[in-house]
Amino acid sequence: MDGFNDVTGFDTLAIHAGQEPDPATGAVVPPIYQVSTYKQDGIGGLRGGYEYSRTANPTRAALEECLAALEGGLRGLAFASGMAAEDTLLRTICKPGDHVVIPDDAYGGTYRLVSKVLSRWGLEYDPVPLADIAAVRAAVRPETRAIWVETPTNPLLGIADIAALAQVAAEAGALLVVDNTFASPYLQRPLALGADVVVHSTTKYIGGHSDVVGGALIVSDIALGAELAFHQNSMGAVAGPFDAWLTLRGVKTLGVRMDRHCANAARVAEFLVGHPRVASVRYPGLPDHPGHDVAVKQMRAFGGMVSFQLADGEEAAVRVCEGTDLFILGESLGGVESLIEHPARMTHASAAGSPLEVPADLVRLSVGIEDADDLLADLERALG
Ligand SMILES: *Cc1c(COP(=O)(O)O)cnc(C)c1O
């Protein structure tokens, strides 16, 4: 697997990067600096560079440093949500009249931001199947500023070849942006594969406990990092100190949680493949998944998300979603508890009639870290 050559191990970084004991008290975790402003020792005499908490806050700075280390980048920036990170990024790197290539099964919120908000500001876009490198190359124009990648995708779990797309972006003079929310930096590190920017909804695996909404950007180019920090401060969609602290608490266990998510999801996928009511299973760990070889090349393991289609169609899919006990019917993903949802009526309802419409007989699982046997029994009961 490419991209994991660091001297310090991932779990050590998750627990220690940016999190030295507090210099004032020795507190072993960074305190929640619930503060807006800081005493200056004479005009401009800032202690540790802190002036005003929109610009920088020590709890947020700890999270930003930790996330940068986990992605192998040099600068991390934490935002109030994944969408706030995306909006800040696109309005930093693009100007009206520019163009972006987006996945034809992009996260619904990303598609809405680009097609309903930033299009009014003058941003142009084309949804393209990213597994088709020739199609991506054909969609690139002189004004293309970014190729936006998700892999695995939501909810269809398609796989895109990050290294191959990085080459297309470089040839086009565009930035390669990778939304790494589904994999997390434990499973996949896009910067090492040639990406310019990593985007996260830290709400999902990084936070991991369904108790905080947040987002992040990570880059390895210092100049781009400074430009993003300028826009983060100018636009103001920053993570608050308590949210940053909760996210930092979550990220410490990212590696051990992901190992269990992946093991449980593999068991669930295998169970679904053998079930007579299931027509097809989408999981990159299955050898017949069209992106399996690329996933093997660029991921440590295959993640905790599994989607499947029911042999008996949409009504059967809805019945399964409403029939589980342990799998909680709900949107979002990446928490310790298992979730089930019907994308066509829930997370992707707004995509109906667009190029991002999803099959009506599709069910999406976010497989949690409960005992796998209990999860299989729950699905067995609901499938009937
Ligand atoms: C949830 C999600 C987002 C948006 O993040 P929020 O924290 O909900 O604003 C972006 N991309 C992906 C892949 C997501 O799953």
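We use all heavy atoms of the structure for the numbers below, so side chains are in, but hydrogens, waters and symmetry mates are not. Ligands are counted one by one from 1 in listed order, and the atoms in each one are counted from 1 as well.
Y52 and Y38 have their aromatic ring centers separated by at least 6.0 angstrom.
Side chains of T144 and H99: a donor-acceptor N/O pair is present below 3.5 angstrom, by distance only.
In terms of protein heavy-atom proximity, atom 6 (P) of ligand 1 is nearest to G82 N, 3.4 Å. Closest protein heavy atom to atom 3 (C) of ligand 1: Y107 CE2, 3.3 Å. Here the heavy atom of the protein found nearest to atom 14 (C) of ligand 1 is K204 NZ, 3.0 Å.
Near G214, meaning under 4.0 Å from one of its heavy atoms, ligand 1 places the atoms 7 (O). Close approach of ligand 1 to D179 is summarised as follows: ligand atoms under 4.0 Å from at least one heavy atom of the residue are 10 (C), 11 (N), 12 (C), 13 (C). Those atoms of ligand 1 that come under 4.0 Å of a heavy atom in S81, given as number and element, are 7 (O), 9 (O). Atoms of ligand 1 found under 4.0 Å from any heavy atom of S201, numbered from 1 in the order shown, are 1 (C), 2 (C), 3 (C), 4 (C), 5 (O), 6 (P), 7 (O). Below 4.0 Å from some heavy atom of E86 lie the following atoms of ligand 1, by number and element: 10 (C), 11 (N).
For residues 213-228, there are no side chain to side chain donor-acceptor pair (under 3.5 Å) pairs, not counting sequence neighbours.
For the ligand labelled ligand 1, residue H200 lies outside the 4.0 Å heavy-atom shell. Between S332 and ligand 1 there is no heavy-atom distance shorter than 4.0 Å.
Ion pairing between E370 and R260 fails under the 4.0 Å rule for side-chain N and carboxylate O. Between E64 and R75, no side-chain nitrogen of the basic residue sits less than 4.0 Å from a carboxylate oxygen of the acidic one, so the salt-bridge criterion is not met.
Between T203 and ligand 1, a contact under 3.5 Å exists for at least one N or O pair. Between M83 and ligand 1, at least one N/O pair is under 3.5 Å apart.
Checked against side-chain hydrogen bond (donor to acceptor under 3.5 Å, both in side chains), R91 has the following partners two or more places apart in sequence or in another chain: D87.
By the 6.0 Å and 45° rule, R257 does not stack over the aromatic ring of Y205.
When all heavy atoms of A372 and N264 are compared, the closest pair comes out as CB-OD1, 3.4 Å.
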